[in-house]
Number of protein chains: 2
Amino acid sequence: MASASDKKKPGRPSDTAKREAIIAAAGRRFFEEGFAGTAIEQVAADAGVSKVTIYNQFGDKRALFTAAVTSECEKMRGHFSLDSAPQGTMRERLIDIAKAMFAFLSRPEMIQFERRIAAETEHDPAVGQAFLEAGPWQMKAAFGAWLAQADAKGELAIADPMLAAEQFVSMTKGMGDLERRFGKVPSIEATEKRITCAVDAFLRAYAPA
Amino acid sequence: MASASDKKKPGRPSDTAKREAIIAAAGRRFFEEGFAGTAIEQVAADAGVSKVTIYNQFGDKRALFTAAVTSECEKMRGHFSLDSAPQGTMRERLIDIAKAMFAFLSRPEMIQFERRIAAETEHDPAVGQAFLEAGPWQMKAAFGAWLAQADAKGELAIADPMLAAEQFVSMTKGMGDLERRFGKVPSIEATEKRITCAVDAFLRAYAPA
DNA sequence: ACAATATTGAACGTTGCCGTTTAATTGAAC
DNA sequence: GTTCAATTAAACGGCAACGTTCAATATTGT
């Protein structure tokens with residue numbers, strides 16, 4: 001039986017390459033200039049596309065925005081993995097994980113993206129929800145499971161892994177990402193120190209008996 | 001000798017009450033709708049003032065924005081104090097402080113303000129800098145001093161109080177303020193548990209020998 | 001009273017931008 | 001080649017908003 005997707009529409013098909021170019025250009029503009037500050041004609045120019053094509057494919061400025069957001073969220077989904085460095089002592093492994101996390105989270109594009117999503121959440125809560133599900137919550141679940149496994153193996157003594165995961169991530173970030181969000185780039189040394197001290201504090205708090 | 005401020009300009013003086021009303025209205029609009037999304041005529045209407053008055057007093061839309069930001073930062077400056085509950089055990093005191101901090105930081109106006117400042121920092125780094133100095137950095141210094149005092153009295157064993165202050169604040173916030181920034185309001189119970197567990201972890205990590 | 005400045009309401013020019021329309025072209029499928 | 005739909009450039013209507021100008025009025029110091 002032929003499914004609905006088998007129905008080949010007659011005529012010229014829409015150019016998917018252009019569609020992707022549009023979404024990419026829209027993301028760049030939206031996450032840099034904001035929603036109200038972005039002109040669709042500028043997006044069209046960036047994508048090398050006519051403005052009418054955008055309206056034909058997305059219909060609306062807000063629809064284009066949500067398309068850009070969901071695209072970015074999909075790119076983010078599962079982008080962070082914990083398979084880095086399963087070797088070494090627990091302290092070394094935690095430091096590696098913390099470094100990878102911090103590096104992933106403090107990329108300029110990520111900071112930019114978070115800023116805009118947060119600002120836009122006020123008018124469209126669904127945007128914030130989508131981001132939370134695609135990013136932070138997935139990361140928390142993955143790392144929480146990792147900690148639960150460490151607890152089961154007796155390498156750590158953690159009663160509530162999900163909460164400990166939050167504490168760990170929060171401590172490694174410290175005020176670092178906050179400062180970044182407000183324009184100050186922390187030095188390498190400060191970041192290193194922050195991470196190692198956070199790991200040490202975490203280990204003192206959750207060392208097995 | 002007469003200073004420059006003694007020079008009284010002839011003619012009608014500018015109405016300071018109106019000026020404050022303008023700044024207040026501008027803050028409300030800017031921090032709710034964003035810079036690009038705010039219409040000066042709307043600000044004028046909110047403040048019960050003519051649009052020309054705004055341009056006479058501030059000259060520019062961006063100047064009005066920075067005036068609103070600095071005003072808000074001044075209101076924030078020193079608004080948070082640590083004199084709450086100097087009684088009780090260390091655990092009780094820390095819990096009280098953490099609750100006060102979290103309550104202060106997760107007020108809707110504060111979340112809104114942070115969102116907009118972060119978004120605007122991209123185009124005007126001075127805005128982010130001003131916010132950091134008026135808010136987070138002052139708070140960190142105050143609480144760091146508090147921890148150093150506790151260390152001196154032997155109630156805690158903290159080598160680097162400033163860094164420990166970051167860790168404490170970060171843990172008590174956990175993902176709470178992040179979720180708030182993206183639209184999810186955490187439940188009272190979750191917040192309470194997060195705070196007490198953070199305090200306990202902090203005490204395990206920094207208990208005196 | 002007078003001079004000097006503030007404030008106001010209204011209107012204006014300009015710009016930017018959303019969303020639509022039109023006519024013409026291009027490209028794929030049959 | 002025909003047919004159907006996507007794409008394009010250009011132009012338009014309309015709207016919102018910035019910033020300015022102007023004449024009239026209000027408010028203060030001398």
Side-chain angles (χ1 to χ4, degrees), chain A residues 2 4-26 28-68 116 120 123-124, chain B residues 2-68 116 120 123-124:
Chain A
S5 61
D6 286 3
K7 270 197 179 173
K8 282 180 183 155
K9 278 192 247 175
R12 180 179 179 183
S14 63
D15 193 334
T16 61
K18 282 190 196 299
R19 176 171 245 267
E20 284 168 23
I22 293 171
I23 291 182
R28 253 173 284 135
R29 286 286 171 184
F30 277 137
F31 306 146
E32 193 155 347
E33 324 263 1
F35 179 78
T38 294
I40 283 199
E41 282 173 301
Q42 194 59 250
V43 174
D46 290 358
V49 154
S50 168
K51 183 174 57 162
V52 188
T53 304
I54 294 184
Y55 279 99
N56 278 348
Q57 295 215 7
F58 299 92
D60 205 346
K61 189 183 185 184
R62 184 145 287 276
L64 176 61
F65 179 76
T66 60
R116 292 305 174 186
E120 232 43 67
H123 293 81
D124 194 348
Chain B
S3 73
S5 61
D6 284 5
K7 272 197 176 172
K8 281 178 185 159
K9 276 192 242 173
R12 179 180 178 181
S14 64
D15 193 334
T16 61
K18 281 191 196 300
R19 178 171 243 269
E20 284 169 22
I22 293 171
I23 291 183
R28 253 172 284 134
R29 285 287 171 185
F30 277 136
F31 307 148
E32 193 155 348
E33 324 263 1
F35 179 78
T38 294
I40 284 201
E41 284 173 299
Q42 193 59 250
V43 174
D46 290 358
V49 155
S50 169
K51 184 175 54 161
V52 188
T53 304
I54 294 184
Y55 279 99
N56 278 347
Q57 298 216 4
F58 299 92
D60 205 346
K61 188 183 184 183
R62 181 145 291 275
L64 176 62
F65 179 75
T66 60
R116 291 307 172 184
E120 230 46 63
H123 293 79
D124 194 347

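Chain letters run A, B, ... following the sequence lines, proteins first and then strands; every chain starts at 1. Treat the numbers as computed from the prediction; the structure is a model and nothing was measured.
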Determine the minimum heavy-atom distance between [X] and [Y], stating which atoms define it.
X        : Y        : result
Ala67(A) : Phe58(A) : CB-CE2, 3.7 Å
Ala36(B) : Ala36(A) : CB-CB, 4.1 Å
Ala44(A) : Ser50(A) : CB-C, 4.1 Å
Ala25(B) : Asp46(B) : CB-CB, 3.8 Å
Ile22(B) : Val43(B) : O-CG1, 4.0 Å
Ala21(B) : Ala47(B) : O-CB, 3.7 Å

For DNA chain C, find the residues of residues 50-66 of chain A with a heavy-atom distance under 4.0 Å and give them by number; none if there aren't any.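 When residues 50-66 of chain A is checked for heavy atoms under 4.0 Å from DNA chain C, the hits, listed by number, are Lys51(A), Val52(A), Tyr55(A), Asp60(A), Lys61(A).
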What residues from residues 14-35 of chain B pass a heavy-atom cutoff of under 4.0 Å to DNA chain C?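 DNA chain C contact set from residues 14-35 of chain B: Ser14(B), Asp15(B), Lys18(B).
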In Watson-Crick or G-U wobble terms, both distances under 3.5 Å, what is the partner of dT7(C)?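 Matched dT7(C) with dA24(D) under the 3.5 Å cut-off.
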Considering only heavy atoms from C-beta outward, does the side chain of [X] approach that of [Y] to under 4.5 Å?
X         : Y         : value
Phe30(B)  : Lys61(B)  : yes
Arg116(B) : Phe35(B)  : no
Gln42(B)  : Thr38(B)  : no
Phe65(B)  : Asp124(B) : no

Specify the residues of residues 37-47 of chain A, ordered by number, for which at least one heavy atom lies under 4.0 angstrom from an atom of DNA chain D.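 Listed by number, there are none.
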